[in-house]
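Below: the structure, in structure tokens.
Remember, it's 1-based here, ligands and their atoms both numbered in the order they're listed.
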Amino acid sequence: MPHDQHPAQAEAVEAPALPAPEPDGTPTGVWSTGTGRGADGALRVAGLDVRDLAREHGTPAYVLDEADLRARARAYATAFAEAFAPEAGLAGADVYYAGKAFLSVAVARWVHEEGLRVDTATGGELAVALRAGVPGAGIGLHGNNKSDAELVTALEHGVGRIVVDSLPEIDRVAAVAERLGVVAPVMVRVTTGVHAGGHQFIATAHEDQKFGLSLTSGAARKAVDEILARPGLDLIGLHSHIGSQILDLAGFAVAARAVLGLRAEVAAQTGHLMPEVDLGGGYGIAYTGHEGPAPTPAQIATTLADVVRRTCAELGTPVPRISVEPGRSIVGPSTLTLYTVGTVKEVALDDGGRRTYVSVDGGMSDNIRPALYEAEYSAALASRGSAAEPVRARVVGKHCESGDIVVHGVALPGDVRDGDLLAVPATGAYGRSMASNYNLVPRPPVLAVRDGAARVLVRRETIEDLLALDEG
Ligand SMILES: *Cc1c(COP(=O)(O)O)cnc(C)c1O
């Protein structure tokens, strides 16, 4: 399934213009913990005034609160180490940061320093993790269509696991491993029929999607047997990833029981007890503050530990080492996007009401999620406070598409105007990583802020960068 979910909004539900929650340092909130308002009403992140950031670095810009990101990474490492400790009757756990959410050399280094491993899905992500100094053994490689070049790089650097996604891939990994004279540690990605996103999960979904090997059709078991028959492959475990932006943990429990069942069946029939099980990522976050509470790392870890302990006891198999792969819930809330307001336009609506269209200097090129998934975001006036009466606003970009919407519905002060700075929170995941050059717009920089100082993690693209690719 796609890594993200389409909310059920088929008949274009009129989004109410909800006020943005104010930044107040709440760790589970929409804003990073270092975000607040100064005495003059302007937004500050980690002690830096956003007006100074905009003056020095321009807009749009992604502003990443380093301490917030590190704290979330550390919270996962601590929660899983505690919940899966041998004293708790379990066999330990590893947390892999899903690099596709956002990866740069600094971010890979930070999450590694905080005790996490790194999941990659392409040669590019692998290169960044390696450049950051993450040891190969702490890197995983995913992908439903890995190239031979990607497999070679992964095996040359001794990656900890290659997650096999199809039957033909088994031969390809075995061939590369043989050529390099190594044994490849592999996992099998199993689709359990559990698909989840937002609040709901479906336990018997159709497997009509590109990822993984199905449990019910027997494809997953066939992959296990084929891997066991190849001496160049070491079958270390099973893998399950059920979706993204998941707020209800029940789907993870159903999927965990399914993969643990297959592990027990394989052990009973072949004598091979796989030492590991990966339960994927996909933990949801707050984007607007109106979606209900997001699960905390401690809640996730204790819920999963409980299921693994009880299921293995019922099956009579020793517990495996567990791994998980959160991406969004580590980097998402750490970052806001800073835009400058341009055109402000008021339009009449069919219901007699009015809507204020607030155009900003970016849009779908720096945040494709609203157009791709009808994702909801929030926004707040960032360069000043305002006591003006709020209006029903829609924040839109500068691209040539009417679907170029940044925030569908939000209440903004009625005096919002050209030159104001606007901040959109929770854009750290799948923002810069999915950014494009649509309309030949250069992609924004990622600025890390910490203790009152800013540092450029990824510089702003320039028109010269774009022209340099054009051979004329
Ligand atoms: C996308 C993905 C993740 C991370 O998902 P998040 O929603 O960012 O936590 C983890 N594992 C796999 C296999 C994925 O495809």
How would you list, by chain and number, every residue that makes a side chain to side chain contact (heavy atoms under 4.5 Å, CB included) with H157, sequence neighbours excluded?
L130, T153
Check whether any side-chain N or O of R369 sits under 3.5 Å from a backbone N or O of T427 as a donor-acceptor pair, and report yes or no.
no
Should the proximity of A98 to ligand 1, defined as any heavy atom under 4.0 Å, be assigned to the side chain, the backbone, both, or neither?
side chain
Does any N/O atom on H239 come nearer than 3.5 Å to any N/O atom on ligand 1?
no
Could you tell me if the side chain of V308 sits less than 4.5 Å from the side chain of L279, heavy atoms only?
yes
Do the two ring centres, one from H239 and one from H142, sit under 6.0 Å apart?
yes
Would you check if V406 and D366 make a side-chain contact, meaning some heavy-atom pair closer than 4.5 Å?
no
Is there any N or O on G327 that sits under 3.5 Å from an N or O of ligand 1?
yes
Where's the contact between Y430 and ligand 1, heavy-atom distance under 4.0 Å: side chain, backbone, both or neither?
side chain
So, is S244 polar-close to ligand 1, with some N/O to N/O distance under 3.5 Å?
yes
Which of the ligand 1 atoms, numbered from 1, are nearer than 4.0 Å to a heavy atom of H142:
13 (C)
May I ask you to check if ligand 1 and G282 share an N or O to N or O distance below 3.5 Å?
yes
Counting only nitrogen or oxygen atoms and a 3.5 angstrom limit, does D119 reach ligand 1?
no
For ligand 1, is there an atom lying under 4.0 Å from some heavy atom of G280?
no
Of all residues at least two apart in sequence or in a different chain, which pass the side chain to side chain donor-acceptor pair (under 3.5 Å) check with D234?
none
R109 with E113: basic N within carboxylate O range, under 4.0 Å:
no
Of all the atoms in ligand 1, which lie at a distance below 4.0 Å from a heavy atom belonging to P326?
9 (O)
Under 4.0 Å, counting heavy atoms only: does A429 come that close to any atom of ligand 1?
no
Flag for S244-R328: side-chain donor and acceptor within less than 3.5 Å
yes
Part of E325 within contact of ligand 1 (heavy atoms, under 4.0 Å)
both
